[in-house]
There are 2 protein chains.
Amino acid sequence: MVLRGTVLRAEHSGTREFYIVRRGWLYSSMLLFDGNRQILSMHLPGEFAGEVGLPWDKAPFTITAASDTVVCVIDKGALRGLFERQPRIGALLLTLAQIERVTLADRLASIGRTSAKSRVAALIVDVLRRLRAGGEAADGGIALPLTQEEIGDATGLTAVHVNRMMRQLGEDGLIARSNGRLRVIDEARLAGIANHIDRYAGLDLGWLPPAAR
Amino acid sequence: MVLRGTVLRAEHSGTREFYIVRRGWLYSSMLLFDGNRQILSMHLPGEFAGEVGLPWDKAPFTITAASDTVVCVIDKGALRGLFERQPRIGALLLTLAQIERVTLADRLASIGRTSAKSRVAALIVDVLRRLRAGGEAADGGIALPLTQEEIGDATGLTAVHVNRMMRQLGEDGLIARSNGRLRVIDEARLAGIANHIDRYAGLDLGWLPPAAR
DNA sequence: CGTGTCGTTGAGCTCAGTCAATAAAAGTGG
DNA sequence: CCACTTTTATTGACTGAGCTCAACGACACG
């Protein structure tokens with residue numbers, strides 16, 4: 001169990017291992033020289049965390065628990081045998097890395113080229129759909145375990161402006177908030193202003209090696 | 001030979017193949033619904049292009065030639081055998097993908113959390129060092145085959161503001177420009193304001209499978 | 001009940017965008 | 001090589017989205 005606010009792995013610490021999230025949310029972030037922080041990605045239940053640091057001996061990012069979490073630890077040495085005996089798994093890992101690259105690129109476009117309101121909407125839609133993909137019941141609203149400061153660090157905004165945008169999204173009838181829970185009222189319209197693209201559609205896994213026996 | 005301005009591969013077109021750049025520059029971009037464009041990454045000589053689209057049957061991004069280029073085309077079906085017979089190559093591809101992910105994350109932080117001047121500086125430093133890593137002589141200045149509009153689309157700025165920032169970088173004695181060539185005067189200071197991190201340092205490839213014979 | 005964190009709101013400011021005009025450069029066809 | 005067109009770079013004036021600063025309320029926790 002990793003408690004909310006705890007740093008699971010600090011930037012520049014060793015990377016003998018990576019993680020799978022069992023319960024709760026984590027996020028990867030980096031600190032700039034001027035003290036600003038950028039949250040690079042969220043890690044939701046069922047997803048990997050820290051595997052991006054594989055190629056380095058020191059972690060490129062800090063991984064922090066956004067809520068109380070449970071993670072499963074995997075040693076990176078285990079990957080070696082996997083690549084040798086199960087080429088399909090290796091290729092799947094590559095596939096996953098590319099998917100992450102594309103979703104990161106989507107966020108880059110969101111932050112680089114859209115309004116504050118769109119960015120916040122994009123974060124909400126992204127999280128909502130990933131939770132759903134991970135089998136988390138998301139109909140009664142989601143418990144967003146992020147402070148507005150953190151949402152700001154993820155979207156390239158200030159906490160104050162995040163607050164204003166959330167209020168506007170509420171006034172527009174797109175979302176509703178009550179005691180820490182967030183309910184998406186009009187997902188289609190929210191996804192529209194968020195420029196959301198579903199990257200899990202249209203996957204082509206035909207080129208992968210078959211599973212070894 | 002792909003002429004400057006030509007779209008090598010359009011968004012949503014098929015992805016039977018990917019590329020290695022032999023000569024010239026390309027870039028991947030995506031178009032938002034409002035007509036805005038975000039340039040997601042540059043592809044310099046010696047680098048891959050389009051391999052990020054591997055997992056999809058339709059390309060997630062558009063690849064455009066920024067200058068006249070020569071590329072080498074690779075069929076993605078060839079990867080299958082590679083993973084089976086050369087696990088090390090597969091693991092290297094994964095490594096490369098993760099490196100790209102991290103540099104994309106660096107750009108995300110740059111765009112999300114730094115000033116216009118820093119972003120332009122970051123683009124220049126990034127390109128300079130990658131050209132150098134690719135063995136391109138970069139001392140007599142680099143021939144930047146990008147319009148200011150394109151630099152803007154890459155940094156999340158407008159062409160007009162890119163122009164102002166370039167001028168300021170010149171006035172600050174960090175760069176010099178003359179007839180299309182750009183010379184970096186004070187690389188250390190430029191890298192400083194760019195928040196540049198060298199991601200090719202500190203790589204740990206010890207976990208990779210050995211080369212097959 | 002004091003303290004700290006987080007959310008909310010207002011007032012004013014600034015960085016970057018918009019609009020517009022002009023210069024410079026690069027093509028293009030003759 | 002020259003006239004003409006299109007693209008790109010440059011600069012100024014103005015605007016506005018988002019930031020800063022500041023105050024206050026709500027809540028959790030010891």
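Every chain is numbered from 1 and lettered A, B, ... according to where its sequence line falls, protein lines coming before strand lines.
Straight-line distance from the CD1 atom of A:I151 to the C1' atom of D:dC19: 18 Å, rounded to whole Å. Spacing between atom CD of B:E150 and atom C1' of D:dT7 amounts to 12 Å, rounded to whole angstrom units. Rounding to whole angstrom units, CD of residue B:Q168 and C1' of D:dT10 are separated by 14 Å. B:K117 has its NZ atom 11 Å from the P atom of C:dC15, to the nearest Å. One can place CD1 of B:I111 at 11 Å from P of C:dG17, the figure rounded to the nearest angstrom. One interatomic measurement links the two molecules: CG of B:L146 to P of D:dA9, which rounds to 9 Å at whole-angstrom precision. Going from atom CG of B:D153 over to atom C1' of C:dG17 covers 14 Å, rounded to whole Å. Put simply, NE2 on B:H161 is 17 Å from P on D:dA13, counting in whole angstrom units.
A distance-only check finds a donor-acceptor pair linking the side chain of B:E150 to the backbone of B:T147 [under 3.5 Å].
Proximity of A:R177 to the phosphate of C:dT8: a side-chain N or O atom is located under 4.0 Å from OP1 or OP2. Contact annotation: A:N163 side-chain N/O to C:dT8 OP1/OP2 distance is under 4.0 Å.
Comparing B:A159 and A:R164 against DNA chain D, the residue whose closest nucleotide sits nearer the 5' end is B:A159. Both A:E149 and A:R113 lie close to DNA chain C; mapped to their nearest nucleotides by heavy-atom distance, the more 5′-ward contact belongs to A:E149.
Taking the six-membered ring where the residue is Trp, the centroids of B:F18 and B:F48 are separated by under 6.0 Å.
Every side chain to side chain donor-acceptor pair (under 3.5 Å) that B:S118 has, sequence neighbours left out, goes to B:S115.
Using a 4.0 Å heavy-atom criterion, one finds that B:R4 contacts the sugar-phosphate atoms exclusively. B:G152 comes within 4.0 angstrom of no nucleic acid atom, judged by non-hydrogen atoms across all strands. Within 4.0 Å (heavy atoms only), B:R119 reaches no atom of the nucleic acid at all. Looking at heavy-atom distances under 4.0 Å, A:G5 makes no contact with the nucleic acid at all. Looking at heavy-atom distances under 4.0 Å, B:R167 makes contact with sugar-phosphate atoms alone, never a base.
Of the candidate nucleotides C:dT8, D:dT8, D:dC19, D:dC19 has the atom nearest to the side chain of A:L157. Counting only heavy atoms from C-beta on, A:V160 has its side chain closest to D:dC21 among D:dA13, C:dA16, D:dC21.
Salt bridge status for A:K76 with B:D204: present, with a side-chain N to carboxylate O gap under 4.0 Å. Using a cutoff of 4.0 Å between basic side-chain nitrogens and carboxylate oxygens, B:D198 and B:R129 are not scored as salt-bridged.
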